[in-house]
Amino acid sequence: MLLSIRHVTHYRFDNPVAHGLQRLRLKPKPSHGQSVVDWHMQLDGVRFEAEYDDHNHNHTVLVSVLPGAAEVTITCSGSVQTADRAGIVGQHVGNLPLWALLGQTPLTRPGARMRALAGGFARGDDPVGMLHRLSQAILGQVCYEAGRTQADTAAEEAMAAGAGVCQDHAHIFIGCARLLGVPARYVSGYLMMNDRIDQEAGHAWAEAHVAGIGWIGFDVSNGISPDERYVRVATGLDYREAAPVTGLSYGAGDSDLCVRLAVEQQTAEQ
């Protein structure tokens, strides 16, 4: 499937920025079942500084906010060819060893509720089946509901609330999988919705590493493994390592963030 993507991130600052740096992880990964046909980034209010692949093999662009800027706009657009691989991404690549993806972070660290949930599972002879059952169990205990959690909500907090969004589902899955001795990571990306083109945010899911197969994706929120409608952009230990935009600024005061995203299937006529 050929997917067309347009992603606009716009910041408006209360006060002109004295100094600011932003790390952009916005270019999709070339990986098993996914190839980037073309990709363009337009920057307004910031200056390009450097680009590199980080330790998670994410293509990263470092930009500095222009002194005195009151607004910043980052516009990405392009097309990505995808295929349905039943969620299988393939073998591990990058500079981060698998054992590092067994360690918990403040966003994934289990508490009593997550430990009780994971305690009902064992790797056994069918680790893939176990992970699918874990995904189903999480969705059964934590319903999808926007507005109940924030970007810095930890997995155990979402479990206690009994509600959350895709980010929370991914963090809970990752924390429980690591408890069970399965390397797991967070994925940020895009999902083509069947009922609309325009969206207010990107999507997130989790991947777990199974010996003999490699990385497999699990979208807890939708109860499936990613198919050809999904585009992988960045991976990491948790949201903070895979977030599309991270950074810091001085002298800006508060800021308003507006995201506009459109994902659709591209036809030959387009």
Side-chain angles (χ1 to χ4, degrees), residues 1-3 5 7 25-37 39 53-60 78-103 105 107-108 123 126-136 138-139 166-167 169-178 180-192 202-244 263 265:
M1 181 180 289
L2 185 61
L3 297 178
I5 300 163
H7 184 182
R25 305 179 192 90
L26 292 164
K27 184 178 180 179
K29 287 174 177 276
S31 59
H32 188 57
Q34 175 176 301
S35 60
V36 180
V37 178
W39 195 257
D53 286 345
D54 69 12
H55 59 289
N56 290 303
H57 217 241
N58 301 321
H59 183 76
T60 307
S79 53
V80 180
Q81 185 74 51
T82 63
D84 187 354
R85 304 290 186 185
I88 298 175
V89 178
Q91 296 306 310
H92 184 63
V93 296
N95 299 320
L96 195 68
L98 277 174
W99 58 259
L101 292 152
L102 286 168
T105 73
L107 289 176
T108 69
R123 294 180 66 174
D126 181 20
V128 176
M130 181 272 290
L131 290 166
H132 279 293
R133 293 191 296 275
L134 173 63
S135 175
Q136 294 167 0
I138 293 170
L139 189 57
C166 55
Q167 174 180 308
H169 286 149
H171 282 149
I172 295 168
F173 180 95
I174 292 165
C176 289
R178 290 172 181 166
L180 294 164
V182 179
R185 64 189 181 189
Y186 186 99
V187 186
S188 64
Y190 304 116
L191 169 60
M192 187 190 77
H203 194 47
W205 58 97
E207 289 176 351
H209 190 273
V210 176
I213 300 175
W215 288 103
I216 306 173
F218 295 87
D219 181 359
V220 177
S221 299
N222 288 301
I224 62 172
S225 284
D227 54 28
E228 70 273 14
R229 298 171 300 151
Y230 289 71
V231 174
R232 301 170 71 248
V233 176
T235 60
L237 288 170
D238 56 22
Y239 166 77
R240 289 172 181 160
E241 285 200 345
V263 184
Q265 184 174 4

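At least one side-chain heavy atom of Arg133 sits under 4.5 Å from a side-chain heavy atom of Asp126. Here the side chains of Thr108 and Leu237 are not in contact, with every heavy-atom distance at 4.5 Å or above. Using a 4.5 Å cut-off on side-chain heavy atoms (C-beta onward), Glu241 and Leu107 make no contact. Taking the side chain as every heavy atom from C-beta outward, Asp54 and Arg25 approach each other to under 4.5 Å. Between Val36 and Lys29, every side-chain heavy-atom pair lies at or beyond the 4.5 Å cut-off.
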Report the C-alpha distance between His7 and Leu26 in whole Å, list the side-chain angles of each, state the deciding distance to 0.1 Å, and finish with yes or no for side chain to side chain contact (heavy atoms under 4.5 Å, CB included). CA-CA 9 Å; His7 184 182; Leu26 292 164; 3.8 Å; yes

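Taking each heavy atom of Ala208 and Leu131 in turn, the nearest pair found is CB-CD1, 3.8 Å. Minimum interatomic distance between Val182 and His209 (heavy atoms only, all atoms of both residues): CG1-O, 3.6 Å. Gly189 approaches Val233 most closely through the heavy-atom pair CA-CG2, 3.7 Å. Of all heavy-atom pairs spanning Leu134 and Ala177, the tightest one is CD2-N, 4.1 Å. Nearest heavy-atom pair, Pro28 versus Gln34, reported as atom, atom and distance to 0.1 Å: CB-NE2, 3.9 Å. Scanning both residues, Thr235 and Asn56, for their nearest heavy atoms gives O-CB, 3.3 Å.
Considering CD of Gln167 and OH of Tyr239, their distance stands at 6.0 Å, rounded to 0.5 Å. With rounding to the nearest 0.5 angstrom, the SG atom of Cys166 is 10.0 Å from the NE2 atom of His171.
In this structure, Asp238 has no salt bridge (Lys or Arg N to Asp or Glu O under 4.0 Å) partners at least two apart in sequence or on a different chain. A search for side-chain contact (heavy atoms from CB on, under 4.5 Å) contacts involving Ala170 returns Tyr186, Ala206, not counting sequence neighbours. In this structure His57 satisfies the ring pair (Phe, Tyr, Trp, His ring centres under 6.0 Å) test with no other residue, sequence neighbours excluded. Residues satisfying the side chain to side chain donor-acceptor pair (under 3.5 Å) test with Glu207, not counting sequence neighbours, are Arg185, Arg232. Ile213 meets the side-chain contact (heavy atoms from CB on, under 4.5 Å) test with Ile88, Val128, Val210, Ile216; sequence neighbours excluded. For His59, the ring pair (Phe, Tyr, Trp, His ring centres under 6.0 Å) test picks out no residue, with sequence neighbours left out. Listed by chain and number, the residues in a ring pair (Phe, Tyr, Trp, His ring centres under 6.0 Å) with Phe173 are Phe218 (sequence neighbours excluded).
Note on residues 218-230: pairs passing side chain to side chain donor-acceptor pair (under 3.5 Å), not counting sequence neighbours, are His169-Ser221, His203-Asp219, Asp219-Asn222, Asp219-Tyr230, Asp227-Arg229. Residue pairs meeting the side chain to side chain donor-acceptor pair (under 3.5 Å) criterion with at least one partner in residues 80-101, sequence neighbours excluded, are His92-Trp215.
When atom types are taken as modelled, the side chain of Ser188 and the backbone of Pro244 share no donor-acceptor pair closer than 3.5 angstrom.
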